[in-house]
Amino acid sequence: MSALLEVTGLTVRFETKRGGLTAAEDVSFSVPAGGTLGIVGESGSGKSVSVLSLLGLLPGAKVTGTASLEGKKLIGASEAELTKLRGDRVAMIFQDPMTSLDPSWRVGDQVAEPLRLHRGLDAAAARAKATALLESVGLPSPAELARAYPHHLSGGQRQRVMIAAALACEPALLIADEPTTALDVTVQAQVMELLARLQRERKMGLVLISHDLGLVSEVCEELLVMYAGQVVERGPTKRLLSAPRHPYVAGLLASTPTLEGTGRLKEIPGTVPDLRLPLPGCRFAERCPQARPECTKSPVSLLDEVRCLFPLSPSRLSHV
Amino acid sequence: MPISAVLVYLLVVNLPFRQDSDRKIATSENDAIALRAQVLGSGGVQDAFVPWKRLFSGESVGLAGQPFTAKDLGRAASLSLGLGLIALLLALAWALLLAVARVQLAASRVGFLLEVIPGLVFGSPLFLLAVVAALLAIAFGVSFTGSHLLAAAVMALGPGTFLGVVWSDALRAEAARPYFLAALARGCSRRQALLKHALPNALPALLDAAAPVASSLLLGSFVAENFFQLKGFGLVYLEAARRVDAGVVVVATTLFAAVLILVSLAVELVRLLVDPKARDAAKETA
Amino acid sequence: MNWRSRLGLLTLVLLAGLTFGHAALTALDALPECPFGADPGMPYETVCGQVIGGLWRSLLLGVTAGAGSCLAATALALFARRLGGRFELGIEKGAELFFSIPDLLVLIVLGFVSRAVWGGEGVTLPFMIASLVAIGWAAPTRMVQNRLRSLERLDFITAAHAIGVPRTRVLLRHVLPMAWDYLLAIFLLRVPAIILTESTISYLGFGLPLDQPSLGRYLGGHWQLLATDDWVKVAPAWALLALLVVAFHQVGRGLLDRAEEAR
């Protein structure tokens with residue numbers, strides 16, 4: 001079956017006054033129709049940049065590679081073509097619901113905006129549909145809420161509004177960029193549940209971006225782990241969690257608290273490298289417990305779903 | 001501002017006027033006494049309206065040589081008002097041009113030029129800009145004294161540039177906010193997002209600029225009327241202050257204050273219309 | 001510091017050197033002949049003497065009035081932060097209210113007062129400086145107040161409060177030293193604004209007298225020459241004024257950027 005979203009060799013480069021910076025390099029992944037993919041990485045790992053660049057939402061970035069959504073070319077597409085896709089076939093929710101809603105627009109109008117832009121509905125019809133959408137994301141008294149301004153709402157409510165606006169045109173693909181990071185823990189769980197439910201009900205593709213491996217693994221069938229602008233490992237969630245092959249992923253797992261776990265959590269020593277500096281070899285080598293001299297010599301390519309010269313074998317996972 | 005009007009009055013009334021006779025700009029002893037008695041009353045708060053009463057009853061204020069009736073002042077004020085309106089329109093047009101240029105061309109090669117223009121305008125005293133305008137007029141063979149359009153253009157230069165900078169900075173700041181990105185992700189084109197989302201949110205910043213714009217128009221009217229010798233309210237005021245003509249100064253200062261209050265009141269009203277947060281805050285305090 | 005600020009600083013040093021050099025040469029009676037000739041308004045003065053004197057007076061005005069208004073602003077802001085509550089709000093609102101009155105209007109009224117009380121064509125230098133301080137305190141007061149407020153939110157200041165260091169001591173010993181670079185930047189940016197305001201008010205006839213002009217007063221009295229063959233008698237004053245304003249602005253801007261970056 002053909003993929004809903006197909007990305008190959010995506011590279012995003014920024015030219016700054018102090019030299020160039022490659023924020024994402026050779027990123028490839030695909031999402032089948034109705035499938036779920038989680039992209040995990042620390043801040044600055046290039047996960048948001050990769051996705052935003054696909055939709056043409058990074059002005060000033062130089063984007064290369066190929067990407068297609070439902071067979072339509074994304075990279076190299078004109079601004080008008082992308083504008084037509086955004087909010088219609090592919091929708092997006094952002095990290096901070098407090099600032100991602102326009103403060104001077106009524107909430108209902110913002111949910112209705114994609115309907116008016118893409119479906120050409122008149123104001124009344126769009127408003128009615130928006131109210132229904134607000135109800136479907138579990139907001140109480142939606143008709144009243146539609147007339148409120150964002151600053152009247154709580155963080156959780158606002159993120160639900162963002163979701164409602166994203167779903168307005170029944171997109172084939174929903175991209176959620178750290179959708180719960182700015183929310184309280186209890187609200188986080190509710191929003192994640194809502195996203196998972198909507199994904200199942202509407203059979204839409206979902207790309208969930210997060211720094212939280214645990215959160216993503218609950219919802220997504222496939223995982224993609226990024227480090228310093230590169231994909232370090234990808235694969236089905238179950239396999240990745242039980243038998244990670246890249247030392248960074250193993251380290252991430254070891255530093256994630258579990259219900260059964262006892263004892264001290266392990267941390268990964270060191271910090272993410274500066275992407276402006278030349279990085280000849282493996283970018284994780286400096287922090288890697290398994291690193292050998294060869295690791296820093298030449299670039300490591302993604303082989304058999306893992307970017308490591310000496311990947312871990314399942315038997316060596318005793319420390320997890 | 002009404003307080004400042006009363007303050008100016010009390011200040012003027014209680015000044016120890018110099019009364020020697022060899023001054024170049026003379027207020028003779030008789031003049032000074034006449035001022036106190038007829039124009040300014042005895043100097044208490046209760047007499048703050050004496051100059052106004054005189055104007056309303058058709059009498060004149062001012063020194064013996066240059067009396068001003070309400071009609072004279074009205075004529076001067078209407079000239080200034082007309083100039084101010086033309087200048088405001090010119091300023092808005094210039095501001096829009098500058099703002100659009102700064103938002104659209106910021107990254108291009110002429111971008112730095114657009115930073116130089118504000119530096120040039122804010123970095124030179126206004127009368128020198130008027131001189132440049134006059135020299136240009138002379139170069140094109142136009143007589144510059146008495147030119148209303150040139151005067152309005154000089155008046156518009158400061159506030160227009162200021163507004164253009166504020167406008168483009170506000171638009172750029174709004175376009176960098178997450179909701180702008182969210183609007184793009186919902187399917188707005190860049191232009192739609194700028195017009196429908198960034199612009200309404202940039203309006204409060206523009207309103208904050210309204211008061212400085214009003215006072216810089218006022219400043220401009222002083223300089224331009226003085227330079228182009230237009231008998232507007234600004235020139236009347238300047239000449240009265242130079243002549244030490246207390247009656248006219250009191251009346252005119254009060255009028256200026258009133259205009260500035262009206263502007264700031266109007267700004268607050270408009271703010272309630274465009275900013276939902278301000279509206280809520282107003283409801284809470286009411 | 002970037003190259004623009006350095007260039008600005010160099011220009012300021014050169015301009016100051018010019019005035020001192022001129023004064024020294026005058027004292028030694030070794031003044032070379034002025035290439036621009038005599039001041040057409042006052043045949044006994046040379047253009048050089050008038051213009052460099054004007055530069056000196058403009059510098060003096062700008063620096064003293066700038067320092068005065070910034071010191072007043074700092075003192076007010078410190079008082080406001082120390083006393084807090086209604087007093088602080090009062091100063092804040094007062095500064096805002098005063099800020100909304102056009103500077104020029106106040107200066108014209110003050111010029112009028114000077115004429116009414118002491119007579120004469122222009123105002124004296126001390127009166128001018130006092131007037132400029134009187135109008136210049138409001139904007140820096142607001143800025144310094146905001147700066148102090150945000151500095152006081154830093155964790156180690158909260159910690160100092162928590163271990164019981166008296167408020168006044170915290171303000172003077174911990175908060176104020178961190179604000180010095182910002183204060184200096186505000187002062188440096190204040191100076192060109194004051195010089196410009198003074199030029200405009202001088203042009204309108206409420207500034208220094210023509211026999212002891214500032215750069216602005218000289219330009220205001222001689223601009224008519226620009227349309228004649230005698231334009232060279234005005235151009236130097238214009239160039240010096242522009243240099244002075246731009247140089248102060250660049251140095252101040254550079255310092256302000258550095259102060260912002262440091263946080």
Side-chain angles (χ1 to χ4, degrees), chain B residues 1 3-4 7-8 11-12 15-20 22-27 32 119-120 122-128 130-132 134-135 138-139 144 211-212 214-220 222-223 226-227 234 237-246 249 252-253 256-257 260-261 263-264, chain C residues 96-122 139 192-193 195-206 214-217 219-220 222-228 231 234 237-238 241-250 253:
Chain B
M1 290 312 284
I3 306 167
S4 74
L7 280 181
V8 167
L11 173 85
V12 168
L15 280 180
F17 278 98
R18 223 172 105 115
Q19 290 166 3
D20 55 1
D22 58 333
R23 280 178 47 195
K24 285 185 203 158
I25 307 161
T27 307
L120 215 63
F122 298 140
S124 4
L126 190 58
F127 72 93
L128 284 183
V131 170
V132 174
L135 289 179
I138 291 170
F144 69 89
S215 61
S216 109
L217 269 177
L218 192 70
L219 185 161
F222 289 155
V223 173
N226 191 54
F227 186 88
Y237 183 61
L238 285 173
E239 288 184 339
R242 286 186 205 132
R243 282 199 308 272
V244 199
D245 190 340
V249 168
T253 311
F256 286 134
L260 290 172
I261 304 163
V263 168
S264 62
Chain C
E96 221 159 87
L97 194 74
F98 194 83
F99 185 66
S100 68
I101 307 173
D103 289 355
L104 224 53
L105 202 56
V106 181
L107 283 177
I108 291 174
V109 171
L110 288 176
F112 162 79
V113 167
S114 162
R115 279 182 185 229
V117 177
W118 295 289
E121 276 277 1
I195 291 175
L196 284 178
T197 310
E198 191 274 336
S199 322
T200 307
I201 195 72
S202 286
Y203 165 70
L204 293 177
F206 298 92
S214 63
L215 279 181
R217 184 71 188 103
L219 282 169
H222 294 79
W223 65 265
Q224 287 94 338
L225 298 179
L226 277 171
T228 69
W231 61 270
V234 191
W238 196 334
L241 182 67
L243 272 181
L244 196 60
V245 168
V246 171
F248 266 111
H249 189 81
Q250 288 302 340
R253 195 74 240 170

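Remember, it's a predicted structure, so these values are computed and weren't measured experimentally. So that the names make sense, note that chain A is the first sequence line, chain B the second, and so on, each numbered from 1.
- Only the side chain of C/Val245 has a heavy atom closer than 4.5 Å to any heavy atom of chain B.
- Judged by distance alone, the side chain of C/Thr200 and the main-chain N or O of C/Leu196 form a donor-acceptor pair under 3.5 Å.
- Proximity to chain C (any heavy atom under 4.5 Å) is shown, for B/Val223, by both the backbone and the side chain.
- Heavy-atom distances place both the backbone and the side chain of B/Leu238 under 4.5 Å from chain C.
- Across all their heavy atoms, C/Phe206 and B/Ala241 have their closest contact at CZ-CB, 3.5 Å.
- Interface residue C/Leu241: only side-chain heavy atoms are found under 4.5 Å from chain B.
- Within the 4.5 Å cutoff, the side chain of C/Ser214 has no heavy atoms near those of the C/Ile195 side chain.
- Among C/Thr197, C/Leu104, C/Leu219, C/Leu204, the residue making the largest number of heavy-atom pairs under 4.5 Å with chain B is C/Leu204.
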Verdict with supporting geometry, C/Tyr203 and B/Asn226, side-chain contact (heavy atoms from CB on, under 4.5 Å): CA-CA 9 Å; C/Tyr203 165 70; B/Asn226 191 54; 3.5 Å; yes
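- Smallest separation of non-hydrogen atoms from B/Arg242 and C/Arg115: O-NH1, 3.0 Å.
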